[in-house]
Number of protein chains: 2
Amino acid sequence: MLRELGTEARDIAPASEEAKDVLPIDTILVGDCIERMNALPAGSVDLVFADPPYYLQLDKGLTRPDQSNVAGVHDDWDKFNDFAHYDQFTRDWLAAAKRVLKPNGAIWVIGSYHNIFRVGATLQDLGYWMMNDVIWRKANPMPNFRGTRFTNAHETLIWATRSQDSKAVFNYDALKQSNDDTQMRSDWLFPICTGQERLKDENDDKVHPTQKPEALLYRVLMATSKPGDVILDPFFGTGTTGAVAKKLGRHFIGIERESDYINAALKRIASIKPLDKVVLETVKGKRAEKRVAFGSLIEQGLMEPGAILLDSKKKFKAVVRADGSLSCEGHEGSIHKVGAAVQGQTACNGWTYWHIQQGKDLVLIDELRAEIRSRMHKLSA
Amino acid sequence: MLRELGTEARDIAPASEEAKDVLPIDTILVGDCIERMNALPAGSVDLVFADPPYYLQLDKGLTRPDQSNVAGVHDDWDKFNDFAHYDQFTRDWLAAAKRVLKPNGAIWVIGSYHNIFRVGATLQDLGYWMMNDVIWRKANPMPNFRGTRFTNAHETLIWATRSQDSKAVFNYDALKQSNDDTQMRSDWLFPICTGQERLKDENDDKVHPTQKPEALLYRVLMATSKPGDVILDPFFGTGTTGAVAKKLGRHFIGIERESDYINAALKRIASIKPLDKVVLETVKGKRAEKRVAFGSLIEQGLMEPGAILLDSKKKFKAVVRADGSLSCEGHEGSIHKVGAAVQGQTACNGWTYWHIQQGKDLVLIDELRAEIRSRMHKLSA
DNA sequence: CCCACGATTGAATCCGAAC
DNA sequence: CGTTCGGATTCAATCGTGG
């Protein structure tokens, strides 16, 4: 029995007319992802983001040095008989995903060393074209409690297009702008999903054992999709993809089997407010010469897209856009460029010009940068 | 025609006698790596480090990083056949490597997204057991000149043992010590090989297009090998593995076909001076310590039968019996068993749980163990 | 209100020598 | 070979509590 669970997000972001007509936009489809994908029209989806089962093969329990128990992934959905079965499953869902992708569509898959080599080889076998493998470096990974291996401190994402001649969306300048005006690298640093962001049930247990951080999806969608695009997540879980897609003015289609996950995802996504169109406009063309790391403030949650920056006299108000650029009185660009423009000057250090209102006080954004640097410093080399 | 090129390193590092007798130690074998590996005795090598040819899908057939032809590929194979060919090559050399590895041997393979997924899946298919995938983060990667992808700023290494029940060498404590006393993570930051380290020919061109930095091999060998171990590199190139192995008191066996690479490697390795044995001593953890039976404290007069042991909060009092067992609140047995039982836990390290009263102070019985070990040490010296 | 401290937790293929 | 059991093993971040 297959149902469709819509959310109120359906009408918020702009979408192409044909997509609205033929696709269950901003909806969670209940059931097996292969069956549900095969029921969608071919060539209709812009991007797939998939977080499939990793097939961890954990047999025994694990305790911390203080004898406490580690809650591993022992769910049925991660159980397979052997690699042959896992490979077959992988081939099937990747083939189904390829069918629903538009000719210029692309896919992201995340995994660990347990499964990512099977996934990568199968992607290549099916004719997908690799663009990058991307490393999510975890700021706070779980240690290796037995001292037998290196701390498993990363996961691998593969970004591939539907075929070799697909022309993928890649917002190069926006990414560069948000990364100190240097090219975005293939190694990304984010904390794992904890704290307020981690969904808990009524018993204060985690709803999903492997919820991904929104910052990760934020970068994926900002990098390789446009507002109005349709993002399909065949392993929707608790809906991180949907939440970030809605926030960023993209449409999502989620597929999930577990009702507990679906219920949590629906509630979660309902509370998301999409960012304003103006905020979402990505920078086009070459950008400022000065080095800025402003975008990382947004990725790491120290500043919300749509936030207002003020100069010390509150004369100018600038809107922070999702890619880390500012918009103020007709000027747009980096914090430095806009700071200079509104003052009628040729140059300006945005870090020591713009403030953010915190209660009664104005706080210099340079203080937020210091916080970022402090975080990075702990992790360097 | 196969030759063997020895270097003067043969006699420098200590090696087991049997290895010296049957293996071409500290030698570069000329020719095809599969043939030469198959000519080596089975179960004779401690560690394999391999930097195999990349598979560049844009080219016809299998090429090295320098575009030279690896195998006689005459046909215009389609993609599937190309991958099949690369997979066959990968399976053949990985199977040959597995045969020459000792039962507790291990392998490292480095690659990029072009080939590492084929390599990883084949390793699993052949029964190797993954320990970690490790990310080499390049401090100074080549930028993506066309701005179409993320800067390819890393390469992936796979560390796997010969089989699931192999007991791999892993110098956990030495690594932790060298990493600011925290566990070594799976993401490593090193610059690419440039400057003085980069081998150049008479025209000042680089001898090898993908020479790896010695720092990378240094960490690999320090982490997963011991002095005297035999390291096999089937794609020896200009001999980074051999140079670092010699420096670190390990033996190497290199296999290479190109005489230009071999000549550069021979010259390079000849100039390496092995580090002194004393310098090569690493931090050892408690696991390396000899076991001390609790009863020996009594035998050696450090503790009297009938003595009282206390936990740190003096909640439990245990009586030491003449045979070295404890008795406490109806529980009896080893210091570990009783410690676990009184706490209601499944395990406990009695040495770091129980104390004896000395005057006003509580002294951990682990200190008495240290005294025993100190005495044993003086006796053996 | 702020700081110190303790408790908790996270996609994990997590022991090995002796008998 | 399997079983037993000694005893070795954790980092960053969040959240709650108490001073």
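Every chain is numbered from 1, with letters handed out A, B, ... down the list of sequences. Below, each value reflects all heavy atoms present in this structure, side chains not excepted, and no hydrogens, waters or symmetry copies.
- Donor-acceptor pairing under 3.5 Å, judged by distance alone, is absent between the side chain of Lys60(A) and the base of dA12(C).
- Using a 4.0 Å heavy-atom distance criterion, Trp129(B) is classed as a base contact.
- At the heavy-atom level, Glu197(A) lies nowhere under 4.0 Å from the strands shown.
- Residue contacts shown for Ser334(B) are limited to sugar-phosphate atoms, with no base heavy atom under 4.0 Å away.
- Contacts of Trp136(A) with the nucleic acid, taken as non-hydrogen atoms under 4.0 Å apart, are absent.
- The interatomic distance linking Gln196(A) (CD) with dA13(D) (P) rounds to 17 Å, in whole Å.
- Figure legend: Lys79(A) and Trp77(A) shown without cation-pi pairing, the cationic atom not lying both under 6.0 angstrom from the six-membered ring centre and within 45 degrees of its axis.
- dT4(D) sits 29 Å from dA12(C) when the P atoms are compared, rounded to a whole Å.
- Among the atoms of the strands shown, only primed sugar atoms or phosphate atoms (P, OP1, OP2) are found under 4.0 Å from some heavy atom of Asn152(A).
- Residue Tyr172(B) is in sugar-phosphate contact alone, with no base atom involved, counting any heavy-atom pair closer than 4.0 Å across all strands shown.
- Figure legend: Arg137(B) and Phe190(B) shown without cation-pi pairing, the cationic atom not lying both under 6.0 angstrom from the six-membered ring centre and within 45 degrees of its axis.
- Taking a pair as Watson-Crick or G-U wobble with both distances under 3.5 Å, DNA chain D forms stems of 3 or more consecutive pairs at C:2-10 with D:11-19, C:15-19 with D:2-6.
- Across all strands, Lys290(B) comes closer than 4.0 Å to no nucleic acid atom at all (heavy-atom distances).
- A donor-acceptor contact closer than 3.5 angstrom links the side chains of Arg268(A) and Thr240(A).
- One can find a donor-acceptor pair under 3.5 Å joining the base of dG10(C) and the side-chain atoms of Arg64(A).
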